[in-house]
Each structure stands twice: as C-alpha cells, then as structure tokens.
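All ligand and atom numbering here is 1-based and tracks the order in the structure. FYI, the numbering just counts along the sequence from 1.
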Amino acid sequence: MKGVFNKIISINLTDKTHQLIEIEDEIYEKFLGGRGLGVKLFTERVHPKTDPFSPENKLIFTTGPVTGTSVSTSGRMSLVTKSPLTRTIFYSNTGGMFGFSMKRCGIDGLIISGRADKPCFIVVDGKNGVTIKDASFLWGLNTEETYSKLKEMEGDRTHTLEIGPAGENMVKIASIMNDAERAFGRGGVGAVFGSKNLKAIVVKNGKQKTEIQNPELLKCYSKSALDKQKALPVTRAAFPLFGTAGVLHVTNNLGMLPIRNFQYGQHEKAHQTGGEAIRKEIFVKSEACYGCTIRCGRLTKAGNMKGKGPEYESVWALGANCEIFDLIKISQANYWCNMLGIDTISMGVTISCAMELQEKGVFPHKEVEFGNEDILIDLVKKTAYKQGIGIELAEGSKRLAEKYGDAETAIQVKGLEIPAYDPRGAMGHALGYATSNRGGCHLTGYMAAMEIFNAPKRIPRFTISGKPDLLVLKQNQSAVEDSLVNCKFSGYALGFDFHARFMSAITGLDFNVTKLLKIGERIYNLERVFNIAAGFSNADDKLPERFKKVAFKEGLSKNRVVPIDEMLEGYYKVRDWDENGIPKKRKLEELGIDFL
Ligand code: SF4
C-alpha cells in the first residue's frame, strides 16, 4: 500500500534494545494508521489490567497515510497508551512538526515499552538509526530548556517530544510537549514517560518520502480542499485572526461557557479573555503545524513572559472556570503549564474543583477561592513539583474530590476533566462526554461543531431526538480523522468524502465514505472492549449529577438539564451494544474484532 512505510520501530527501555517490526498492508486497510493503528497494536500487546505506570504499559506513536502530505492540516500524529488518570485506553493527538519528521525517517511509528534504570532520551536518526542516550543532564529541566538543549546537542533541524518536571514526578495530569509548544495534552500521558524514566524523543535527519499513488490527483484534491477552507469564514478568518479562543464569545453568549466549576453558564467579564482580547493585548504572531494554512496557533507576550497560546480550552480552564478574568495572569499560568508539562484543562478544572470544595467548607486552604488570580501560577508550580497542596492537585479532580468526601464536585467523566462546553447547552455534545472511550473529552465526537458552530450544518442543540445516531456517526468519523491523521479543524470546511478522496489518491486503494466509517466503527468498538476488559461498564458512562438535576437560572441555556439516561439507551441501540453497553457478539464478528 502506498502512503506508508509498513515499518514500526519497537524500543525496549529496560534492556535498551530495539527492533524493526513489519506491518502488513491488511492492518492499514482495516485500521488506516494513527489512532487506529495504535489501538490495534496496543490491544494486541498490553493486557487491559496493566498498571499504567508499569514497564508493561506501552506508548505507541503513529503517523498515518495522510501525515506530511500536500493535504493542508496533515502535520499531525497520534499516541495510544493506558492513562494513569482514567485507567482507560487513551488516544491523543498532536500537531507541530514531529509527526512529519518522524515519517521522514522512513517509519510509521514507535512502540516504547519497559523502564530505563536512569533518565534517558531516544534519538531516531534518519541516517544513523536509533540510539538511547543518558538524560541525567536534562532531568529537572522544563520543556523549553529541554528542547533548546536537545537542539543544541542534536542539531538545529531536530524535533522533539519532551516532558517537564510534572511528567518526571508522575503527576497524573502531566502532558507530553512537542517542540515545547504543542502537546499531547490530556490523560496524564506525560506521567507515563516519567514512569519509564524517559525524558524526551528526538527525530532528525529524515529524508525519505512515502510513495503517493497519484500525486497529481492528490494535489488537485488538496487545492480544492484549500478553496473550501478559504470560502468558510471560520477557517479563512476567525481561526487565523483570533485562534481557537475566538469561540469564547459564542459559548458565553449561548450561556454555556462554564463558570465557577460549571455552576453558571455565562459571565459579563468573559470577553476580557476571548480571542479578540488576546489579539488586541498579547498577540505577537500566528503559527501553524506543518503545512497548515489555517494557522490557529499563536505566539503571545503576557507581561514579562512570552509563550504559545492560550487556546480556548486553556484560557477558559485557568480563567472563567475559576472566575478569573485577568488575561495576563491566565496567559502566564498557561505558559507555566506548557513549561512544566501539565494539561491546562485538567489543571484548571482541578483547581476549580478545589475552589468549590473550599467554598463548601471541606477544603482547608482558604486562599484557594474563586476569583483569586494571585494563586494560579503558584498552584501550577506546586502541582508540577508535588509540593504541599500540589500533592493533592497532582491526582486530578476525581481523586481530590473523593478524598474530601464530595465526589460530585469533580466535573469529570471516567476521571478526565470535562472541557469548555457546558453539557446543558448541547445535548449531543453531553452524550459525547458520557460515552467517549477516553472520558470527558470534547474531541471524540465533537457534536458542538454542529450544535454550536453550525459546521458543517446546523442542528438544534437542545433536542435529543436523533442525537445518538448523529453522535455515533461523529465518533466514527473522528476515529477516522485521528487515524489518517488529519486535523479536526479541517472538518469545519470539508465534507467527510474528502478524506476518502485523499486516501484513495495516496494509497491507490479504493476508499469511500462507507468503508471509512466502518473502519471508524471498528476502532471505536475495539477501544470499548479493551475498556470493558479493563473493568469499565455502563456505570462509567455517566455525567456529574449537576448536569442531570440543576438547571441554569438565566441565559440562553437556562432551564435545561441533560436527560442522559434516555439518550444512553438510544446510543447503545444505535451502536448495537446490549443494554449494559457491551458490544454484541454479532457486532464484533461483523467488525472482525476477536478481543473479548
Ligand atoms: S488548524 Fe491549527 S491545530 Fe489544526 S493543523 Fe492547523 S495550526 Fe495545527
């Protein structure tokens, strides 16, 4: 099959060995690449009950047939591992240059297992192969320092994945940063690096290109995709001008921007932290992942610090969600999260959980109160270094709230903190949180695109009729996008049929929408059965009680609660799972899954 190298390097950090594994075409035909390939390889190699911090857990980094091609937004790659935060299988996705550069080394991915006896980093060199090097001199450095030292040592054209002190200290909400600017953000995946004594991965010197079956046709499709991106206001103007934070005024106006740990849905000061304010007050320049013309990233300068972001989710989690509206302090806290290697969403929602616990009188740190911007950076640092109060925050909101006897204050699903769309404002999106295989995630189904942003078409946000069917479709589509690998934002402008065209032109095989959706369904079901074997059940497909029982009293999402149980019943039927949410035997046979 064209578009891939059929090769993965498997690296064992315990005995410092590595080997080349051949991947047959048939695997790509059934799982594409990226997330799908990662899930296939992971579920074959890791027992569902494996402790995420044990040497037996693996980190599987993969690119896909679309990665690094002429398709705009194709500079992305995928990670699959078992999360220490959720204890589910965990898929994650990052942009930047690393995926493209790894593919240029003539491989489709890396499998990393074992545990080194002392800090190490891996170099994947397109000319000289794989080496595992001592990282004692890097241990303790933040992600920016690590990145610049590695560039100094390994050459200017080096690209890196690295952790900061949070990952080293196995903080359960630690991220893996990518060239110190983009992230595998969620699920505490940075702590899995730390548990393996792995500080960084370097790729360099890659010169190999995958063969494309029909380059002229691919160019033609790419050009037509670009025209579509240019025709749509959000991809032509809104994202390039205001970044992802440009959507903050939309969710706030619709009364579904979570405020005070999801106690309210809007705030009159929220606009002070939106994309327009970022553009006016701290913007330096826009930035992009490899080959992307949307350029949603930003370099900013807040006070005496410079850094990347803040993205919509970050500016909200560390801001409005904690009732903080000081853009400079929020941005600086965001920079610190990036430098220390912490997921901004989980950090912000864990802090807001602590603030609500304090408000209720059960959390003994008086200074941790809503609106106190002066403690933000200190809490981020204490979490990364597991100092004082940070020892508890480092566990994430679920474990924190359980410790203080008030589990419902943690706004999470399966242990993963819920992001910046209050579920009472979009019912399909709410169902997506409950049923995502990696917990409270907005990207696994991303119904908000249709329910809030009318992309690619508008559907009513409060109705529940038809939502399970649409969500299943979106979740399957999303699994495909993560496997190609292509950025989700391309989906705003492009129909799903574009992915089939890209894949056919690249691989030379006949892909169509139906075939791709079947692959997405296969990936989703395989993740589900892994989670079931790990001990998860329908009891975990649930939302925090406040979304079922407490409605907002004002704003455009007032008087709404989420009828999650009713929607779940429909969802299981559409998925062809039994009433307990377990995929039926016939469904697994149809998809060729023999996992359980
Ligand atoms: S739209 Fe943004 S996140 Fe997506 S590829 Fe482009 S720059 Fe990266």
**Student:** To the nearest 0.5 Å, what is the distance between CZ on Arg461 and CG on Leu254?
**Tutor:**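 Going from CZ on Arg461 over to CG on Leu254, the span is 4.5 Å.
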
**Student:** Please identify which atoms of ligand 1 are closer than 4.0 Å to at least one heavy atom of Cys487.
**Tutor:**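 Near Cys487, meaning under 4.0 Å from one of its heavy atoms, ligand 1 has 1 (S), 3 (S), 4 (Fe), 5 (S).
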
**Student:** Within the 4.0 Å heavy-atom shell around Ala288, which atoms of ligand 1 are there?
**Tutor:**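 Result: 7 (S).
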
**Student:** Please write down residue, atom name and distance for the protein heavy atom closest to atom 3 (S) of ligand 1.
**Tutor:**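 Of every protein heavy atom, Arg76 NH1, 3.3 Å lies nearest to atom 3 (S) of ligand 1.
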
**Student:** For ligand 1, does Lys488 get within less than 4.0 Å through its side chain, its backbone, both, or neither, judged by non-hydrogen atoms?
**Tutor:**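 No part of Lys488 comes within reach of ligand 1.
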
**Student:** Looking just at side-chain N and O atoms, do Thr444 and Tyr524 make a donor-acceptor pair shorter than 3.5 Å?
**Tutor:**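 Checked: Thr444/Tyr524 side chains show no N/O donor-acceptor pair below 3.5 Å.
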
**Student:** If only side-chain N and O atoms count, and only distance matters, is there a donor-acceptor pair under 3.5 Å linking Ser92 with Arg186?
**Tutor:**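 Ser92 and Arg186 do not have a side-chain donor-acceptor pair below 3.5 Å.
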
**Student:** Do NZ/NE/NH1/NH2 and the carboxylate oxygens of Glu276 and Arg279 come within less than 4.0 Å?
**Tutor:**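 So Glu276 does not pair with Arg279 through a salt bridge.
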
**Student:** Using a 4.0 Å cutoff against the non-hydrogen atoms of Cys292, which atoms of ligand 1 qualify?
**Tutor:**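 Going through ligand 1 atom by atom, the ones under 4.0 Å from Cys292 are 1 (S), 5 (S), 6 (Fe), 7 (S).
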
**Student:** Using a heavy-atom cut-off of under 4.0 Å, does the side chain or the backbone of Arg182 touch ligand 1, or both, or neither?
**Tutor:**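 The side chain, only.
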
**Student:** If you apply the rule ring pair (Phe, Tyr, Trp, His ring centres under 6.0 Å), what do you find for Phe90 with Phe184, and how did you get there?
**Tutor:** CA-CA 11 Å; Phe90 207 88; Phe184 285 111; over 10 Å; no

**Student:** Where is the nearest protein heavy atom to atom 1 (S) of ligand 1: which residue, which atom, and how far?
**Tutor:**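 Here the nearest protein heavy atom works out to Phe489 CD1, 3.6 Å.
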
**Student:** Specify the protein heavy atom at minimum distance from atom 8 (Fe) of ligand 1: its residue, its atom name, and the distance to 0.1 Å.
**Tutor:**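 Closest protein heavy atom to atom 8 (Fe) of ligand 1: Cys289 SG, 2.3 Å.
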
**Student:** What protein heavy atom sits nearest atom 2 (Fe) of ligand 1, and how far away is it?
**Tutor:**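 Looking only at protein heavy atoms, the one closest to atom 2 (Fe) of ligand 1 is Cys296 SG, 2.3 Å.
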
**Student:** Pairing donors with acceptors under 3.5 angstrom, does anything connect the side chains of Thr160 and Glu154?
**Tutor:**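 No pair is found: no donor N or O on one side chain lies under 3.5 Å from an acceptor on the other.
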
**Student:** Check the angle between the aromatic planes of Tyr492 and Phe453 and answer parallel, tilted or perpendicular using the 30° and 60° thresholds.
**Tutor:**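 If you compare the ring of Tyr492 with that of Phe453, the planes turn out perpendicular.
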
